[in-house]
Number of protein chains: 2
Amino acid sequence: MLIILDEETLLKVVGDRNVVKKQNATIYDVANRVGVSLATVSRVVNGNKNVRDSTKEKVLKAIDELGYQPNAVARGLASKKSTTIGIVMPDVTNLYYAELTRGINDVANMYHYDVLLTNTDDDPVRDVLAINSLESKQVDGIIFMGNELDQGVMKTIDALNIPVVLAGCVDAQKKLPSVNIDYINAFYEITASLLRHGHENVALVMGSLDEAINRDYRLAGYTKALNEVGRQIDEKFLFTTGRDYQKTLELAPKVVASGATAMIVYDDVVAVALLNYLHDHHFDIPGQMELVTSNDTNYSIISRPQLTSIAQPKYDIGAVAMRMLTKLMNNEDLKEQAVKLPHAIVQRQTTHELS
Amino acid sequence: MLIILDEETLLKVVGDRNVVKKQNATIYDVANRVGVSLATVSRVVNGNKNVRDSTKEKVLKAIDELGYQPNAVARGLASKKSTTIGIVMPDVTNLYYAELTRGINDVANMYHYDVLLTNTDDDPVRDVLAINSLESKQVDGIIFMGNELDQGVMKTIDALNIPVVLAGCVDAQKKLPSVNIDYINAFYEITASLLRHGHENVALVMGSLDEAINRDYRLAGYTKALNEVGRQIDEKFLFTTGRDYQKTLELAPKVVASGATAMIVYDDVVAVALLNYLHDHHFDIPGQMELVTSNDTNYSIISRPQLTSIAQPKYDIGAVAMRMLTKLMNNEDLKEQAVKLPHAIVQRQTTHELS
DNA sequence: AAAATTATTGTAAGCGTTTGCAGTAACTAC
DNA sequence: GTAGTTACTGCAAACGCTTACAATAATTTT
């Protein structure tokens, strides 16, 4: 014989309220208690106007009494919306992406979206897997960050029924909505400034040239400034490295050996490593070497001397990207596809007065 | 008259493959194509043995051809499992938590869980909201990080039908499984060491004393060391502050004014701020002031001088917490409820030789 | 006061899976 | 060959909600 105990009886048996986890109430329970249909309860839960005030109150009361919370999964299945977005990013541990993420998160919460987060370490294979997984979880939108939009990734995104916005990530084909700073100009400006100050040999330290953001943006800005004063790029001043402190420490002597007297660096971790190498080898900074980094994370304030940096509105890049995504999810049109947020050059201690 | 076009016809009309997003295939489509029932397809998808090999192959082939991907939401509703876990944390932007998160994420992915991430800025109200939201999304488990388990939060967790593991977060009542280092001993050791080296006045810089982790752990270890040499705590050497660079800069002169000749700091951002204050005011470190921090994030390597630190296996704390959670979600028993991972003291440049 | 309109509520068909149970086919042992 | 097993497969009922559409009640209009 099967005995089904009600909660109170069960309590007596078990003796400890904490052991008796109440089965979560369903919309059905609420409807029953009030004596209305599921549809009515659903309407009040979803803020539908077509409910008499008196009914609404009764339902609300019952919801409160039962501690009813709509089951988001069931909701998702029925409505095809999950009120969840996905973030695909290289690494939470990198301050640059962490701050973008923070911006995304805050705006997402503001619009009552939850956030599914995946680290892919810039591995296109994992990017694709992540996107597929997000699709199967029926996210309403995706924000993609990372150095490079691999072809396979692009294809996957293309086949998606879900809006995607890029944040701090460049799409050479300009097919996807994105939020960035004007990388070309930023690198142009800082290079030009350094050249104006008499530097003959300005090193550029970037990520892989296979990535559009380095090749077509950072390097392009640098080249433009050089060309403008009638000079060509000299490969010996070009360096590439991953965002890794230790590895960059190994790269440092090579940069020094190149004869550069100034360097522009694409990432703060990399810049700090170079700076510390110079510091530990008693270089005079900025006397012997000027140094500009480009993400303006906490690192550039914390380092001694403090790093002059291209400042990006990181939090805002994330926030704006997320805001755009909400519009897309809402089938609204975007005014701009490729949003460029303003950047600045923050003068600190690793350069002389800039202008 | 309503005309429903098949994809190919639609293609001819629209002319652009990219505009025709294929409707995702369902389990039903697969079953139809092979000529078996839904149940059979479901079985092969879920790796159930009871399927003849030849059938299995046919199904697999159809799945491949249709590009079928199970709908995780429907699955979740039917099976009551979401293969998703939730993380509730103060702030992704804090390197300490970011590294824990990284550990959690990697292990979660290893076990094919996705991760829902919420920042709550240590606000108990938002903690509760986040947990409720996660519950309604039917996550299979939750990892909670943060300074303090507020009463309300505790209550919410108690009422949950979902396993929760704490990471880098202390539960004074020891009711919840958790992963930490042995904070008491860590702070005891470093304090004792500093005392042995002749410091009369050792400052302790922590977060709020309302939080158990500060009051009952960090302070307790510090006190123990003091008592051991027959001394009492002197309130004038106790300082509390949030994890904020600028605010700590304001606190710094007070710490100096206290007459302390050594300080133990609970967070790297805070420690770096203090260090930089001292550096910028030309203090001799460690000559005039020794400084120990306690999270050993990148900051302590990047700062100049580099920070001596209590080293925590941050990534592993996250990883182990997640591993424990998988067991709990699998209804396995835990060997230990409160796991303590080993810590170490990493000697760098802000202290003299320790012992 | 009947008709027309509008506001409110209920009915029931999904949404795409999983899964217990029942049925059928294939195999084994006698 | 028959009974007893075992291996496969299918049926159909959930899971908890949303949402057309239909039905009823309340209100206005004439």
Side-chain angles (χ1 to χ4, degrees), chain A residues 2 22-60 62-63 66-84 132-133 135-140 161, chain B residues 2 22-60 62-63 66-84 132-133 135-140 161:
Chain A
L2 180 66
K22 61 172 181 306
Q23 201 54 46
N24 290 336
T26 73
I27 199 173
Y28 183 79
D29 300 325
V30 178
N32 258 3
R33 166 175 277 234
V34 185
V36 295
S37 73
L38 306 186
T40 301
V41 178
S42 176
R43 283 190 195 100
V44 348
V45 168
N46 291 297
N48 188 312
K49 316 271 168 197
N50 292 330
V51 183
R52 191 186 304 162
D53 281 351
S54 61
T55 320
K56 189 171 164 186
E57 271 171 42
K58 280 190 285 183
V59 171
L60 252 19
I63 285 177
L66 290 170
Y68 167 71
Q69 239 193 335
N71 177 319
V73 176
R75 245 179 168 172
L77 185 58
S79 69
K80 311 262 153 224
K81 304 215 176 305
S82 60
T83 58
T84 303
N132 283 337
S133 173
E135 183 185 21
S136 86
K137 296 240 158 132
Q138 229 177 70
V139 295
D140 300 329
N161 273 319
Chain B
L2 180 68
K22 61 170 178 309
Q23 202 54 44
N24 290 334
T26 71
I27 200 173
Y28 182 79
D29 300 325
V30 178
N32 258 2
R33 167 175 278 235
V34 185
V36 295
S37 72
L38 305 187
T40 301
V41 178
S42 176
R43 283 188 194 101
V44 349
V45 168
N46 291 296
N48 187 313
K49 315 271 168 196
N50 290 332
V51 183
R52 191 188 304 163
D53 281 351
S54 61
T55 318
K56 188 171 165 186
E57 270 171 41
K58 279 190 286 183
V59 172
L60 253 19
I63 286 178
L66 290 171
Y68 166 71
Q69 240 191 335
N71 177 320
V73 176
R75 244 179 169 174
L77 185 59
S79 69
K80 310 266 153 222
K81 304 215 175 303
S82 60
T83 58
T84 302
N132 283 337
S133 174
E135 182 186 21
S136 87
K137 296 240 158 133
Q138 228 177 70
V139 296
D140 301 329
N161 273 318

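Within every chain, numbering begins at 1; the chains are lettered A, B, ... in the order of the sequence lines, protein sequences first and strands thereafter. Scope of the values below: all heavy atoms of this structure, side chains included, with no hydrogens, waters or symmetry mates.
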Value in whole Å for how far the [atom2] atom of [N] lies from [atom1] of [X]:
X     : N      : atom1 : atom2 : result
A:R43 : C:dT11 : CZ    : P     : 11 Å
B:Y28 : C:dT18 : OH    : C1'   : 17 Å
B:D29 : C:dT17 : CG    : C1'   : 13 Å
B:I27 : C:dC15 : CD1   : P     : 14 Å
A:N71 : C:dC15 : CG    : P     : 19 Å

Using 0.5 Å steps for rounding, measure from the [atom1] atom of [X] to the [atom2] atom of [Y].
X     : Y     : atom1 : atom2 : value
B:N71 : B:R75 : CG    : CZ    : 9.5 Å
B:D29 : B:L38 : CG    : CG    : 10.0 Å
A:T26 : A:Y68 : OG1   : OH    : 7.0 Å
A:N50 : A:T55 : CG    : OG1   : 11.5 Å

Q.
Categorize B:Q69 for me: base, sugar-phosphate, or nothing, with a 4.0 angstrom heavy-atom threshold over every strand shown.
A. sugar-phosphate

Q | Nearest non-hydrogen partners of B:V59 and B:V34, listed with the distance | A | CA-CG2, 3.9 Å

Q. What heavy-atom pair brings A:P70 and B:S136 nearest, and what distance separates the two atoms?
A. O-CB, 3.4 Å

Q. After noting the C-alpha distance and the side-chain angles of B:L77 and B:V73, does the key distance pass the side chain to side chain contact (heavy atoms under 4.5 Å, CB included) rule?
A. CA-CA 6 Å; B:L77 185 59; B:V73 176; 5.8 Å; no

Q) Using rotation axes that map the C1' atoms of four end pairs onto the next four (five pairs an end), what angle separates the end axes of the helix from C:dA1-D:dT30 to C:dC30-D:dG1, to 10°? A) 40°

(Q) Does any part of the side chain of B:N132, heavy atoms only, come nearer than 4.5 Å to the side chain of B:E135, both counted from C-beta? (A) yes

Q) Mapping B:A78 and B:T55 to their closest nucleotides on DNA chain D, which lands nearer the 5' end? A) B:T55

Q | A:R33: partners by salt bridge (charged side-chain N to carboxylate O under 4.0 Å, His left out), with sequence neighbours left out | A | A:E65

Q) Would you say the side-chain atoms of A:N46 pair up with the backbone N or O of A:N48, donor to acceptor, closer than 3.5 Å? A) no

Q. Ignoring hydrogens and geometry, is there a side-chain-to-backbone donor-acceptor pair from A:S82 to A:Q138 under 3.5 Å?
A. yes

Q | Near-strand residues of residues 44-54 of chain B, defined as heavy-atom separation under 4.0 angstrom from DNA chain C | A | B:N46

Q: Please identify each residue that fulfils side-chain contact (heavy atoms from CB on, under 4.5 Å) with B:S37, with sequence neighbours left out.
A: B:A39, B:T40

Q.
Give the residues of residues 32-42 of chain A touching DNA chain D, defined as any heavy atom closer than 4.0 Å, sorted by residue number.
A. A:A39, A:S42

Q: Ignoring hydrogens and angles, state whether a donor on the side chain of A:T84 or A:K137 is under 3.5 Å from an acceptor on the partner side chain.
A: no

Q.
Quick check for you: name the first and last nucleotides of DNA chain D, 5' to 3', having an atom under 4.0 Å from a heavy atom of chain A.
A. D:dG16 to D:dA26

